2 protein chains.
Amino acid sequence: MNSPDLSQNGHASVDSAAPATTDKTPRTSRGRKTLRAILDAAVEEFGARGYHEAAISRIAQRAGVAIGSFYTYFDSKEAIFRALVADMSAQVRDTVGPVILAAPDRLSGERAGIAAFIGFVRENKALYRIIDESAFVAEDAYRKHYLDIAQGYAASLTEAHGRGEISDADMEVRAWAIMGMNVFLGLRFGVWDESQTPDAVAAVAADLISDGLRPR
Amino acid sequence: MNSPDLSQNGHASVDSAAPATTDKTPRTSRGRKTLRAILDAAVEEFGARGYHEAAISRIAQRAGVAIGSFYTYFDSKEAIFRALVADMSAQVRDTVGPVILAAPDRLSGERAGIAAFIGFVRENKALYRIIDESAFVAEDAYRKHYLDIAQGYAASLTEAHGRGEISDADMEVRAWAIMGMNVFLGLRFGVWDESQTPDAVAAVAADLISDGLRPR
DNA sequence: CTGAAACATGAACCAGTATTCAACTACGGT
DNA sequence: ACCGTAGTTGAATACTGGTTCATGTTTCAG
């Protein structure tokens, strides 16, 4: 495959002993700048037109470089798309995760997390679309994204249960249920329509997660 | 656009006074048979390869007809895809809706509905994928699909609240949250993995919807 | 300064495939 | 039996856009 190492701040890049024959990671600051430009252009292009309508030539144009330069940094259209998916998958986790953890208890963390997610989506509509489309372009990356999140989510739910904060049940199913909620609310109230505040939506959703529909 | 009328049993086909100049609806039983074959082949092809990888030539081949025959019934690749989306959108509603309504009360209906949905997904994986991909191929159809469902859903939640079966809150947000739950559970436990029974998953989800996470 | 490694360029190549169309065959009513 | 309409056929057309590559230019360590 061979893509430049995009890992910013920390996230170990798991290059399992790559023979480094054709490492596409830039070595000079000029290269890094070009890569950055291509990446940003790609987010715009993929976000605006979707994977298949997006054209490498247009990405290059947006980035202000020649087509050939694109291939200096990425092996293919799919390669850069995958890089973007992985990059933004990490961004979502790094944005929402800490917010949930910072809360005093699980239930209030849930609420803060949803609000943070909707806010993130509003600021990153293109990236949101990219992850969704990866289901059809790079299914394994898509699965990994949600499987990873769900796993972490289920684990923290189990912990919360250990502390007596939430009731008992299959935490994996719950994790997927709550993830689905978040994603759809993000689409509806983050991407499609911003007339409601993230907090208002999060309040309703968190209340549903905490107490359900049943009348008191 | 001009596509053949796929509406089975009832569902009014809203052909707003089409000049009928080029109606593609088959007029003979031979034609109906061919159309059916093309439709079935298209579901297979789109389901297996996704919209962009799918080829009209391959659909024709699967259906056992010539490429030209495809264009006897559909104006374009996108047209048949949209027809499939609309068709299956109706199928989902007609399958799950009645199950929910048949339940004695909203909360138990919720559970039956989720189980029915997961069951439906397992029997119709291809169609499930088609609806999801419509977000990128025919966004308006995708929006309509979920907006319609959410609307009906919110309305019935409001009714249930009127009957005192559920608590008060923004029903549209709730509808979207529950839809998202369903979709993700359908993906995870219907498409990706069938090791759990739909009923088991539905039980956990319905319990979450009814009583939330909070320990009793 | 200097040469090798990095990086940049974009025309040309090429594969895939949606759609058209002109010729042909089957059907159904009279 | 006959004719007009419905349906069938698949080679040819047309176009898009990913990828390659041979030829420059820039960077930077020594």
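Because the structure is predicted, anything quoted here is derived from the model rather than measured. Proteins come first, then strands; the chains are lettered A, B, ... in the order of their sequence lines, and each starts at number 1.
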Quiz item: Do you see a donor-acceptor pair shorter than 3.5 Å between the side chains of Asp23(A) and Thr25(A)?
Solution: yes
Quiz item: Does dA18(C) have OP1 or OP2 sitting under 4.0 Å from an N or O in the side chain of Ser76(B)?
Solution: no
Practice problem: Please tell me if the side chains of Phe46(A) and Val137(A) come closer than 4.5 Å, counting only heavy atoms from C-beta onward. | Solution: no
Practice problem: Looking at every strand, decide which applies to Gly31(B) at a 4.0 Å heavy-atom threshold: base, sugar-phosphate, or nothing. | Solution: sugar-phosphate
Quiz item: Arg32(B) near the nucleic acid: base, sugar-phosphate alone, or nothing, with a heavy-atom cut-off under 4.0 Å?
Solution: nothing
Quiz item: Over how many whole Å does the gap from Phe74(A) atom CZ to dC7(C) atom P extend?
Solution: 13 Å
Self-check item: Nucleotide of dT19(D), dT9(D), dT9(C) approaching Val65(B) most closely (side-chain heavy atoms)
Solution: dT9(D)
Practice problem: Would you mind reading off the distance between Leu35(B) atom CG and dA6(D) atom P, rounded to a whole angstrom? | Solution: 16 Å
Exercise. Have a look at Ala54(B) and say if it touches a base, only the backbone sugar-phosphate, or nothing, with a 4.0 Å heavy-atom cut-off.
Key: sugar-phosphate
Quiz item: Of all the nucleotides listed (dT19(C), dT9(D), dT17(C)), which has the minimum atom distance to the side chain of Arg58(B)?
Solution: dT17(C)
Quiz item: With respect to the side chain of Ile56(A), which nucleotide from dT19(D), dA18(C), dC7(C) is positioned closest?
Solution: dT19(D)
Quiz item: To the nearest Å, how far apart are His52(B) NE2 and dT16(D) P?
Solution: 16 Å
Quiz item: So which nucleotide from dG18(D), dT9(C), dT8(D) ends up closest to the side chain of Thr34(B)?
Solution: dT8(D)
Self-check item: Distance under 6.0 Å and angle within 45° of ring axis: Lys24(A) vs Phe74(A)
Solution: no
Quiz item: With sugar-phosphate meaning primed atoms plus P, OP1 and OP2, does Tyr73(A) contact a base, only sugar-phosphate, or nothing at under 4.0 Å between heavy atoms?
Solution: sugar-phosphate
Quiz prompt | Rounded distance in Å - NZ (Lys77(A)) to C1' (dT16(D)) | solution = 11 Å
Exercise. Write down the distance between NZ (Lys33(B)) and P (dG7(D)), rounded to a whole number of angstrom.
Key: 13 Å
Quiz item: Rounded to the Å, how far apart are Glu45(A) CD and dG18(D) C1'?
Solution: 13 Å
Quiz prompt | Under 4.0 Å protein heavy-atom contact, by nucleotide of nucleotides 22-30 of chain D - B base, S sugar-phosphate only | solution = ----SS---
Quiz item: Gln61(A) CD to dG17(D) P: how many Å, rounded?
Solution: 13 Å
Quiz item: Regarding Thr197(A) and Asp199(A), is there a side-chain donor-to-acceptor distance under 3.5 Å anywhere?
Solution: no
Quiz item: Are the side chain of Lys77(B) and the backbone N or O of Tyr51(B) linked by a donor-acceptor pair below 3.5 Å?
Solution: yes
Practice problem: Look at Glu139(A) together with Arg129(B) and state whether they make a salt bridge at an N to O cut-off of under 4.0 Å. | Solution: no
Practice problem: Verify the distance criterion only: is there a donor paired with an acceptor across the side chains of Ser89(B) and Arg93(B) at less than 3.5 Å? | Solution: yes
Quiz prompt | Separation of atom NZ in Lys24(B) from atom C1' in dG7(D), rounded to whole Å | solution = 12 Å
